[in-house]
Amino acid sequence: MDTQIRPEEKTEKVKAERPTYRPNEIEPKWQQKWQEMGANHAPDDDPRPKFYNLMMFPYPSGDLHIGHWYNFVGGDVRGRMMRMKGYNVMQPIGFDAFGLPAENAAIKRGIQPRKWTLSNIERMRVQLRTMGNNWDWEREVASCNPEYYKWTEWFFLKLYEKGLAYRAKAAVNWCPQDQTVLANEQVLADGTCERCGTLVIKRELEQWFFRITKYADRLLEHKGINWPEKTKLMQRNWIGRSEGARIVFKATAPDGQEYDMPIFTTRPDTVYGITFFVIAPEHPLVEKLTTPEKKAEVEAYVNLAKGETEIERTNAEREKSGVFLGSYVTSPFTGEKVPVWISDYVLMGYGTGAIMAVPAHDQRDFEFARKFDLPVILTYMPNDQEINADTMTESLVHEGHVVNSEQFNGLPDSPETVKKFIDFIEQQGWGKAEVNYRLRDWLISRQRYWGTPIPMIYCQNGCGIQPVPEEQLPVILPAEVEFKPTGESPLNYIPEFVNTTCPKCGGPARRETDTMDTFMCSSWYFLRYCSATYDKGPFDPELVKKWMPVDQYIGGAEHTTMHLLYARFFTMALYDMGLLNFEEPFINLFHQGTILRDSRKMSKSKGNVVAPDILVGQYGADTVRAFLMFLGPFDKGGNWNDGTEQQVGGIARFLGRVWGLVTDTVIVDTTGMNVDPKIEANVQRLQHKTIGRVTEDLEVWQFNTALSGLMEYNNGLLKIVAETPGIQASPVWREALETMLSLLSPLCPHITEELWQMLGHTTSIHNQAMPQYNPELAADPTVTVVVQINGKVRDRMEVPANVTEEEVRQAVLSSPKVEQALNGATPKKFIYIEGKLVNIVL
RNA sequence: GCCUGGGUGGCGGAAUGGCAGACGCGGUGGUCUCAAAAACCAUUGGGCUAAUCACCCGUGUGGGUUCGACUCCCACCCCAGGCACCA
């Protein structure tokens with residue numbers, strides 16, 4: 001790429017030929033030099049303050065795409081900026097290497113998941129190096145290596161010891177044709193299997209859970225962390241804390257047997273309005289409460305619900321459906337019997353899987369009652385009007401005073417009233433105040449091969465479930481497996497894996513063949529980076545104390561309710577075990593935006609990735625880095641269209657001009673040239689204005705405007721040098737160029753390093769401090785005041801920066817343009833915003 | 001459907017209560033060239049106009065607050081992310 005900068009009308013004597021900008025030569029050169037110098041490594045014993053700059057580790061899907069580049073470049077710019085601010089920046093990289101795609105590849109192409117994954121990692125490692133990022137490769141981890149997953153297993157045992165792991169039944173997606181468990185992603189929108197098109201059903205399996213709900217209240221706190229409000233809000237909504245009461249009703253089965261039916265409600269103050277009960281189709285009492293004549297209808301409905309997704313079931317717009325079981329519940333409040341129905345809008349996973357229905361004051365219950373012609377009883381009445389329960393068209397929420405509720409009648413709708421109901425319920429022994437969460441326990445079992453083995457053993461001699469003794473870890477995942485079209489994990493077909501002995505009695509036993517959710521691997525990788533090769537434990541406690549918590553975490557907002565919640569839970573649990581001295585793993589959090597292609601997030605599994613290779617080959621990494629950061633604000637992402645790439649030319653031209661600006665200075669012989677001090681002041685004003693805005697932009701992650709600031713700076717300098725031959729002789733000019741390179745260096749590390757060396761430096765530009773902003777040098781002597789009349793711009797005036805309001809008023813009122821616009825009218829109001837604007841109201 | 005964001009020229013975007021469209025792409029005209037490419041210079045929201053004067057319109061839609069609204073408030077429409085087994 002040869003770049004011509006300006007016309008050849010110069011008067012300077014030229015010392016040498018201008019060197020050509022060849023990114024494909026200088027970029028690999030500097031990448032290698034930095035590696036040799038150890039420039040990317042953060043030493044554990046460095047005296048500077050530490051800064052742990054963490055980017056979410058990638059899944060090794062095969063090739064790095066534009067989305068990866070976008071995320072990692074932005075994170076690297078941040079890390080490099082912090083380095084210039086004087087921190088010992090630790091910026092590790094690794095691979096989240098277990099997961100479904102490796103098994104898909106194995107099934108489709110007959111490659112072993114391990115081999116496929118490791119070769120992907122190798123390829124991505126090479127591609128990652130071409131970005132020029134400040135990666136500390138000495139700390140690389142891959143979660144599929146036994147040295148790593150040994151400790152994932154170890155953490156499972158620790159959580160089990162503390163009573164945080166337990167077994168329970170949970171539904172999985174089951175394809176009856178392929179006889180296999182399917183991930184949600186493998187079930188198409190119409191509820192069929194993506195491989196064979198068969199309708200997928202739900203099947204109950206015994207699986208492992210972590211008790212994350214025990215930490216719900218602590219997770220709500222976000223103690224001492226600086227996270228985006230929207231992320232905290234989404235987590236709070238996801239955890240969904242609600243206060244109310246648990247009330248136990250008695251249901252009578254057709255055979256006369258009575259069963260407890262506990263419910264959770266946030267509105268115990270409406271209990272006198274109960275007209276029916278609804279329980280989930282999966283509720284354990286469904287069978288017992290179904291009368292013989294309703295049996296067929298109920299079974300058909302239960303089967304139908306099995307094929308529905310939770311999103312469908314919770315869709316409030318859907319027409320309500322349900323079946324009456326034939327049995328009744330007696331309300332202790334009124335002594336009356338009300339019917340029990342099943343409906344898919346009640347979920348077994350929330351509350352108790354049963355609700356008391358109060359149609360007058362709950363919209364879903366109201367729609368259900370109208371659909372099935374069930375009675376509606378009002379327990380609140382607005383203070384200013386009478387409402388008729390038979391003719392009302394929607395439920396009445398929080399309004400007025402209590403009615404139809406015996407001794408409670410007349411009370412206002414208020415928290416105190418709710419409290420009175422709860423007190424009464426507790427006195428009567430019918431129930432108690434309770435807090436409920438929407439958050440569910442974390443199901444970690446996967447019926448898959450390519451994951452961390454769950455280190456548990458099932459004794460066949462009667463010892464029950466036994467943990468694998470610590471000294472026997474890791475439970476090694478067999479490297480070679482055969483994928484058969486059956487429902488079980490391939491691990492079931494490896495007798496050497498499955499068959500073992502009971503650690504308690506020594507008798508015959510079987511290993512757990514389910515593996516762990518990959519979110520388990522990503523819940524502690526940030527701890528492993530602190531001492532990546534440590535083998536006496538998951539991490540060196542001293543080094544974790546030094547580096548943790550993470551100072552800056554960077555990753556997509558799509559991880560808000562899962563990974564970011566799991567990692568926090570994990571950290572809190574380890575804190576409680578005394579393994580860590582902090583409760584929150586990530587102090588600052590930033591979500592980069594998403595790069596969309598065809599209106600979807602770019603990802604290999606969606607098949608819409610764009611490869612950066614051609615762009616990088618043609619323009620070099622620095623240009624692609626700056627181009628991506630110039631697309632828009634880093635937290636917004638953007639749509640990648642066919643026209644997007646064409647904009648890269650603008651960045652290439654910009655870098656070419658920067659190259660020309662600096663190399664011109666280097667080759668011009670300035671002996672005996674003098675420079676006007678006024679022009680020097682202009683250069684400094686421009687320089688310090690730029691320092692001010694660009695450092696501020698970098699601070700707030702506005703990399704796009706940081707770049708446009710640098711473009712304007714560059715344009716300004718080019719104009720000055722064109723008008724002032726010989727300016728290169730001035731030390732002020734040289735300083736201005738060094739400012740340009742320093743400010744640009746986090747975005748474009750290679751070209752700035754090369755030019756920095758050309759200016760005669762022998763140390764790396766990346767060890768420089770950020771240029772210091774001097775507001776006095778940046779100050780403008782005059783400002784432009786906009787003159788509006790009734791909010792419309794009518795004139796502008798240039799005034800001294802220290803002008804008073806009275807002077808502005810005089811100047812404005814005597815301006816011919818203003819006089820003409822006023823046309824004799826008298827101003828009613830004169831609004832002056834200092835140094836900015838005047839608005840005359842007529 | 002629910003939770004969380006977002007919507008500004010032909011395109012990416014700037015402006016967070018004060019000049020809408022910075023910066024860049026693309027377009028148009030020019031310089032250089034035998035020619036083209038590259039590079040450089042000028043110009044570029046729409047309408048009206050001889051005009052680059054003046055005036056009018058314009059930030060998803062409809063309403064509101066304010067001397068003044070892309071920015072704040074209310075309602076709606078559209079797009080994206082997440083919804084618990086993709087990671």
Side-chain angles (χ1 to χ4, degrees), chain A residues 1-7 56-59 61 96 98-101 104 170 172-173 181-187 228-231 233-234 236-238 240 309-318 349 438-448 517-519 522 556-563 565 591 593-594 596 599-601 603-606 627 630-633 635-639 641 643-644 646-651 653-654 656-657 660 702 704-705 707-712 715 784-788 790-793 796 828-831 833 836-842:
Chain A
M1 250 186 40
D2 234 319
T3 314
Q4 178 106 16
I5 298 309
R6 54 199 171 90
M56 289 181 184
F57 65 166
Y59 178 79
S61 55
D96 188 10
F98 276 132
L100 186 65
N104 287 340
V172 294
N173 298 310
V181 175
L182 298 176
N184 287 345
E185 196 190 44
Q186 297 173 301
V187 182
E229 266 324 304
K230 61 165 184 177
T231 309
L233 186 58
M234 240 190 287
R236 282 199 292 271
N237 290 339
W238 180 259
T309 67
E310 219 170 279
I311 293 172
E312 285 165 359
R313 288 178 59 166
T314 51
N315 185 341
E317 298 271 290
R318 234 164 45 126
R438 214 180 67 91
L439 180 71
R440 307 208 282 258
D441 275 337
W442 177 11
L443 193 168
I444 62 136
S445 296
R446 298 291 181 269
Q447 295 70 41
R448 300 262 168 67
D517 179 6
T518 54
F519 280 123
S522 54
E558 68 271 25
H559 292 290
T560 296
T561 52
M562 308 195 74
H563 162 62
L565 215 46
H591 295 302
T594 320
L596 304 178
S599 293
R600 303 282 298 161
K601 189 171 83 174
S603 91
K604 177 116 185 207
S605 62
K606 294 193 188 86
F627 163 59
F630 190 60
L631 282 177
D635 60 348
K636 290 291 181 301
N639 240 308
N641 305 313
T644 306
Q646 136 186 115
Q647 299 198 54
V648 77
I651 295 291
R653 274 190 282 275
F654 164 62
R657 288 189 199 108
Q702 297 277 340
N704 57 329
T705 49
L707 271 163
S708 55
L710 289 170
M711 287 173 178
E712 286 180 59
N715 292 344
T784 305
V785 170
V786 170
V787 183
Q788 297 184 334
N790 279 341
K792 297 206 164 169
V793 181
R796 296 184 170 81
K828 220 159 68 182
K829 223 172 174 184
F830 186 92
I831 293 156
I833 309 295
K836 263 187 184 168
L837 173 136
V838 164
N839 191 12
I840 299 169
V841 187
L842 298 181

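So you know, we letter chains A, B, ... as the sequences are listed, proteins then strands, and number each from 1.
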Checklist entry - Touch check for A:Val786, heavy atoms < 4.0 angstrom, all strands: base, sugar-phosphate only, or nothing? => result base

Next on the checklist: Measuring to OP1 and OP2 of B:G58, would you say a side-chain N or O of A:Lys792 lies under 4.0 angstrom away?
Outcome noted: no

Next on the checklist: Using O4'-C1'-N9-C4 for purines and O4'-C1'-N1-C2 for pyrimidines, with syn meaning within 90° of 0, is B:G9 syn or anti?
Outcome noted: syn

Checklist entry - When we call it a touch if two heavy atoms are under 4.0 Å apart, what does A:Lys828 touch: a base, just sugar-phosphate, or nothing? => result nothing

Item to check | Straight-line distance of A:Thr784 OG1 to A:Arg796 CZ, nearest 0.5 Å | outcome: 8.5 Å

Checklist entry - Counting only distance, no hydrogens or angles, is the base of B:G24 paired donor-acceptor with the side chain of A:Gln647 under 3.5 Å? => result yes

Next on the checklist: Other residues, nucleotides and ligands only: do more than 12 of their heavy atoms fall within 6.0 Å of NZ on A:Lys836?
Outcome noted: no

Item to check | Protein-to-nucleotide contact annotation, 5' to 3' order, nucleotides 82-87 of chain B [B base; S sugar-phosphate only; - none; under 4.0 Å, heavy atom] | outcome: SBBBBB

Next on the checklist: Under 4.0 Å, counting only non-hydrogen atoms across every strand here, what does A:Leu233 touch: a base, just sugar-phosphate, or nothing?
Outcome noted: sugar-phosphate

Checklist entry - To the nearest 0.5 Å, how far apart are CZ in A:Arg438 and CG in A:Asn237? => result 8.0 Å

Checklist entry - Under 4.0 Å: is that the gap between some side-chain N or O of A:Asn237 and OP1 or OP2 of B:U4? => result yes

Next on the checklist: Does B:C40 have OP1 or OP2 under 4.0 Å away from a side-chain N or O of A:Arg657?
Outcome noted: yes

